[in-house]
Amino acid sequence: MSGVNKNIVILISGSGSNMAAIVETSLKRRWQARFGARVVAVISNKAGAQGLAWAQEHDIANAALDHGAYSSREAFDAALMAEIDRHEPTLVVLAGFMRILTPGFVQHYEGQLVNIHPSLLPAFTGLKTHQRAIEMGCRFAGATVHRVTSELDHGEILDQAVVPVLPDDTAETLSARVLTQEHVIYPRAIEQLLSA
Ligand code: GAR
């Protein structure tokens, strides 16, 4: 990935634990010195997102755009693009960003957009992945980092982690086990992209 400054913009909707893992890894592994890369902004579609407060405390530019205030998906995505583009991003990282994106948005960031999904894609696209994996009797579950296309939870797989499904798992216990691994593979996949 060429360019001197590699600005990373992270989009969140909730607790932002993947965002925090990425920021912490970027500092620990000196992405700024090694790749000219840093997390320059965190943007949420929910004003109350816990992750926004974390970004604020860590002096990272942050903004909330309430999707409910826009008349259409296209109008929201246009506003979101304008907010993202102020930061001249090299990578736009979806980290628990719970919005379906318009094809126009996906095209605008072609080659720059990545996501993490809490399943072993291509299995279990969409929501309630852990509950569905348990109900199907899966012995293994996991998470996938992938490039984003206009098809939901598709796109080239960049990294995956596998965890066991234990006999007494609930969606909550399995989700916690998967999340721990998300915090490993997401920063790792991004570092790989930065170093390519
Ligand atoms: C993560 O488990 C992520 O994989 C999932 O939301 C959670 C966000 O947690 N993403 C999706 O389900 C996207 N379809 P976080 O806010 O603590 O990073």
Side-chain angles (χ1 to χ4, degrees), residues 8-27 39 41-58 60 62-67 73 76-77 80 91-103 105-106 109 113-136 138 140-165 169-191:
I8 301 169
V9 173
I10 302 183
L11 306 189
I12 64 168
S13 298
S15 58
S17 70
N18 277 290
M19 167 210 67
I22 293 163
V23 170
E24 281 163 0
T25 302
S26 76
L27 299 174
V39 176
V42 173
I43 303 169
S44 171
N45 65 316
K46 292 189 177 166
Q50 217 183 306
L52 277 183
W54 191 95
Q56 181 74 32
E57 281 161 24
H58 290 75
I60 300 169
N62 59 89
L65 265 71
D66 174 10
H67 60 267
R73 210 172 266 288
F76 172 71
D77 278 9
L80 184 58
L91 280 179
V92 178
V93 171
L94 308 179
F97 187 65
M98 304 304 278
R99 292 280 306 166
I100 292 178
L101 299 164
T102 57
F105 183 98
V106 174
Y109 298 109
L113 198 53
V114 292
N115 182 43
I116 191 156
H117 182 73
S119 80
L120 292 172
L121 290 176
F124 303 121
T125 60
L127 299 174
K128 297 191 186 303
T129 55
H130 308 298
Q131 187 60 39
R132 287 156 65 208
I134 290 168
E135 283 168 9
M136 280 299 292
C138 293
F140 296 96
T144 304
V145 180
H146 65 98
R147 290 191 187 275
V148 175
T149 66
S150 47
E151 200 175 341
L152 181 69
D153 301 328
H154 277 68
E156 181 195 352
I157 290 173
L158 300 173
D159 210 340
Q160 284 186 311
V162 180
V163 304
V165 181
D169 261 337
T170 61
E172 288 70 33
T173 58
L174 180 56
S175 159
R177 190 175 309 117
V178 170
L179 194 59
T180 308
Q181 293 307 308
E182 293 185 38
H183 300 161
V184 176
I185 63 170
Y186 213 179
R188 185 169 75 193
I190 293 168
E191 183 166 319

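As the structure lists them, so they are numbered: ligands from 1, and atoms in each ligand from 1. Sequential numbering from 1 along the given sequence is applied to the chain's residues.
- The distance criterion of under 3.5 Å between nitrogen or oxygen atoms is not met by N115 with respect to ligand 1.
- A side chain to side chain contact (heavy atoms under 4.5 Å, CB included) with T144 is found for one member of I116, I185, L121 and no other, namely L121.
- A salt bridge links R188 and D159; the closest N-O separation between the charged side-chain nitrogens and carboxylate oxygens is under 4.0 Å.
- Between R73 and T102 the shortest side-chain heavy-atom distance falls below 4.5 Å.
- For atom 14 (N) of ligand 1, the closest heavy atom belonging to the protein is H117 ND1, 3.5 Å.
- The shortest N or O to N or O distance between A95 and ligand 1 is not under 3.5 Å.
- Note that the CG atom of L113 and the CG atom of L94 stand 5.0 Å from one another [nearest 0.5 Å].
- Distances below 4.0 Å separate heavy atoms of E182 from the following atoms of ligand 1: 1 (C), 2 (O), 3 (C), 4 (O).
- Among all protein heavy atoms, the one lying closest to atom 12 (O) of ligand 1 is P118 CD, 3.4 Å.
- Listed by number with element, the atoms of ligand 1 under 4.0 angstrom from any heavy atom of I116 are 4 (O), 10 (N), 13 (C).
- Side-chain contact of S15 with Q50: a donor-acceptor pair under 3.5 Å is absent, judged by distance alone.
- Close approach of ligand 1 to G96 is summarised as follows: ligand atoms under 4.0 Å from at least one heavy atom of the residue are 6 (O), 8 (C), 10 (N).
- Distances from atom 16 (O) of ligand 1 to the heavy atoms of G14, G16, S13 put G16 nearest.
- The closest side-chain donor-acceptor pair between H117 and T129, if any, does not fall under 3.5 angstrom.
- The shortest N or O to N or O distance between D153 and ligand 1 is not under 3.5 Å.
- When only non-hydrogen protein atoms are considered, atom 13 (C) of ligand 1 lies nearest to M98 SD, 3.7 Å.
- In summary, D77 and R99 do not engage in a salt bridge, as defined by a charged side-chain N under 4.0 Å from a carboxylate O.
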